[in-house]
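Position 1 is the first residue of the sequence; numbering continues from there. Worth knowing before you read on, the calculation uses all heavy atoms, side chains too, and leaves out hydrogens, waters and symmetry mates. Indexing begins at 1, ligand by ligand and atom by atom, following the structure's order. Computed from a predicted model, the values in this text were never measured in an experiment.
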Amino acid sequence: MAEHDPLPPSSRLLHWLVATLMLGLAGVGLYMSRSEAWALYPWHKSLGVIALLLIAVRLVQRLRLGLPGPVQPTSPAMQRAARWAHGTLLALTLLMPLSGMVFSGASGHGFGVFGLTLVPHQDDPAKPGEVLPYNATLAELGHQAHHWLGYLLLLLVTLHVLAALKHHFIDRDSTLLRMLGRKKG
Ligand code: HEM
Ligand code: HEM
């Protein structure tokens, strides 16, 4: 495969599916936690757990195939920066759903996938209507991680999109086109 050929269809499909889920979930997460939109919580958790399955497939594929190389020769420093950014984005796709599950699970709120319970809600027998954490320290750790990694994700994705646009409009190379499944020219 030449460097400017489209990336394999499975790589492209997984990239765009996971990207859409991550951005959608980050938007919903920010909105629901600020506006107390409780009805959205089960949707966010269910789609987040489903996203984790796709993310796992994508990570296995990346471990087998490695990251795509540059479309044209670049400096070793630029190559290192791209590998570092893509590696961190991949790590965040894994850490976001995991931290959400640790938070929701350990806090006693529980979570599942569209009605199928994975970690049950735990009522506090001493305080009716309140939840009893399974592990309050772990819940707080998960909450802080989910919050701050969410901001890091949004920052890196912004840089990532700007880099893709720079490749396309300024360098005029095929970096964006090969991720869209098109050939340059
Ligand atoms: C898969 C990717 C996911 C992404 C990108 C994501 C992103 C986010 C973001 C950005 C927030 C707002 C955080 C804040 O500003 O404090 C949030 C909130 C939240 N997320 Fe996720 N999330 C994901 C998966 C999950 C999963 C799998 C669960 C649980 C099973 C979960 C549970 C929650 C909960 C309970 C909140 C509300 C936190 C609060 O009320 O303070 N998330 N999510
Ligand atoms: C509109 C948003 C996005 C655009 C325009 C975009 C564009 C691209 C492009 C053009 C590449 C190929 C880079 C190359 O060939 O060297 C790429 C790769 C990559 N992107 Fe994105 N991307 C977007 C969103 C995201 C999001 C939200 C994530 C993760 C949360 C992400 C993670 C990655 C990773 C890890 C790679 C490395 C190759 C791979 O694993 O498929 N991207 N992206």
Side-chain angles (χ1 to χ4, degrees), residues 3-8 10-38 40-55 58-59 61-63 65-72 74 78-79 81-107 109-113 118-119 139-140 142-168 173-182:
E3 296 299 338
H4 48 264
D5 279 348
L7 294 169
S10 58
S11 297
R12 286 187 270 126
L13 184 69
L14 283 168
H15 172 269
W16 292 115
L17 268 178
V18 172
T20 308
L21 279 165
M22 294 296 288
L23 290 178
L25 284 164
V28 170
L30 287 171
Y31 171 75
M32 72 184 196
S33 57
R34 275 149 191 79
S35 58
E36 304 193 349
W38 308 122
L40 290 177
Y41 276 60
W43 285 88
H44 180 85
K45 296 180 192 181
S46 299
L47 286 173
V49 173
I50 291 173
L52 180 58
L53 300 179
L54 282 173
I55 287 162
R58 175 150 187 242
L59 287 175
Q61 189 194 48
R62 276 286 146 257
L63 288 174
L65 300 181
L67 285 164
V71 295
Q72 56 186 1
T74 41
M78 279 305 278
Q79 285 192 43
R83 266 205 308 274
W84 183 87
H86 288 157
T88 310
L89 278 173
L90 284 176
L92 287 172
T93 58
L94 183 64
L95 291 174
M96 281 307 287
L98 287 184
S99 58
M101 288 160 76
V102 167
F103 166 40
S104 293
S107 68
H109 285 96
F111 66 88
V113 180
L118 296 176
V119 175
E140 184 51 25
H143 194 182
Q144 290 298 326
H146 204 60
H147 177 77
W148 291 110
L149 293 177
Y151 282 129
L152 180 61
L153 171 76
L154 291 173
L155 175 73
L156 269 184
V157 169
T158 306
L159 295 175
H160 179 66
V161 173
L162 289 176
L165 295 177
K166 177 189 175 284
H167 275 289
H168 192 70
D173 66 25
S174 56
T175 305
L176 180 58
L177 289 176
R178 71 174 179 172
M179 187 48 104
L180 291 170
R182 301 201 0 230

Between H109 and ligand 1, find which residue part has any heavy-atom pair under 4.0 Å and reply side chain, backbone, both or neither.
neither
Is ligand 1 under 4.0 Å from a heavy atom in the side chain of S104, in the backbone, in both, or in neither?
side chain
Pick, from [options], the option with the minimum heavy-atom distance to [atom].
atom	options	value
atom 38 (C) of ligand 1	Y31, W38, F103, F111	F103
atom 15 (O) of ligand 2	R178, M179, R83	R178
atom 21 (Fe) of ligand 1	H146, K45, M96, Q144	H146
atom 26 (C) of ligand 1	A26, G29, G100	G100
atom 2 (C) of ligand 1	L25, L30, V102, L153	L25
atom 13 (C) of ligand 2	L21, T158, T175, L176	T175

Quick check: closest heavy atoms across [X] and [Y], and the distance to 0.1 Å?
X	Y	answer
V102	G142	CG1-CA, 4.1 Å
L154	A26	CD2-CB, 4.1 Å
G105	V119	CA-CG1, 3.9 Å
L21	L54	CD1-CD1, 3.7 Å
G48	L25	CA-CD1, 3.8 Å

How far is [atom] from the closest protein heavy atom, and which atom is that?
atom	answer
atom 33 (C) of ligand 1	H44 CD2, 3.5 Å
atom 32 (C) of ligand 2	L89 CD1, 3.7 Å
atom 37 (C) of ligand 2	H86 CG, 3.5 Å
atom 40 (O) of ligand 2	R62 NE, 2.6 Å
atom 4 (C) of ligand 2	W16 CH2, 3.6 Å
atom 41 (O) of ligand 1	H143 NE2, 2.9 Å
atom 8 (C) of ligand 2	H160 NE2, 3.5 Å
atom 36 (C) of ligand 1	M32 CE, 3.4 Å
atom 34 (C) of ligand 2	R58 NH2, 3.3 Å
atom 14 (C) of ligand 1	H147 ND1, 3.1 Å

Do [X] and [Y] have side chains that get closer than 4.5 Å, going by heavy atoms?
X	Y	value
R182	P6	no
M22	L153	yes
F111	P42	no
S11	R62	yes
I55	P97	yes
S99	Q144	no

Just heavy atoms, cut-off under 4.0 Å: does [X] contact ligand 2 by side chain, backbone, both, or neither?
X	answer
T93	side chain
V161	side chain
L14	neither
V157	side chain
H167	neither

Within the supplied structure, the quantity of interest is the number of heavy atoms (other residues, nucleotides, ligands) at a distance under 6.0 Å from W38 CH2; does it exceed 12?
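For W38, atom CH2 is crowded (more than 12 foreign heavy atoms under 6.0 Å).
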What atoms of ligand 1 come closer than 4.0 angstrom to any heavy atom of [X]?
X	result
Y41	35 (C), 37 (C), 39 (C), 40 (O)
R34	14 (C), 15 (O)
M22	2 (C), 5 (C)

If the plane angle is over 60° it's perpendicular, under 30° parallel, otherwise tilted; pick one for H146 and F103.
tilted
Parallel, tilted or perpendicular for H15 and H160, by the 30°/60° rule?
tilted
What do you reckon, does P68 put a non-hydrogen atom under 4.0 Å from ligand 2?
yes
Please report the interatomic distance CG(L89) to CG(L152), rounded to the nearest 0.5 Å.
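It comes to 8.5 Å.
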How long is the straight-line distance from OG1 of T88 back to CG of L159, given to the nearest 0.5 Å?
11.0 Å
Return the name of the atom in H15, of element N, O or S, nearest to atom 21 (Fe) of ligand 2.
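For H15, the N, O or S atom at the smallest distance from atom 21 (Fe) of ligand 2 is NE2.
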Under 3.5 Å: N/O of Y151 near N/O of ligand 1:
no
Could you list which atoms of ligand 2 come closer than 4.0 Å to a heavy atom of L90?
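Counting atoms of ligand 2 from 1, those under 4.0 Å from L90 are 35 (C).
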Please confirm whether the backbone N or O of M101 pairs with a side-chain atom of S104, one donor and one acceptor, at under 3.5 Å?
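No; judged by distance alone, with no hydrogens or angles, the pair does not exist.
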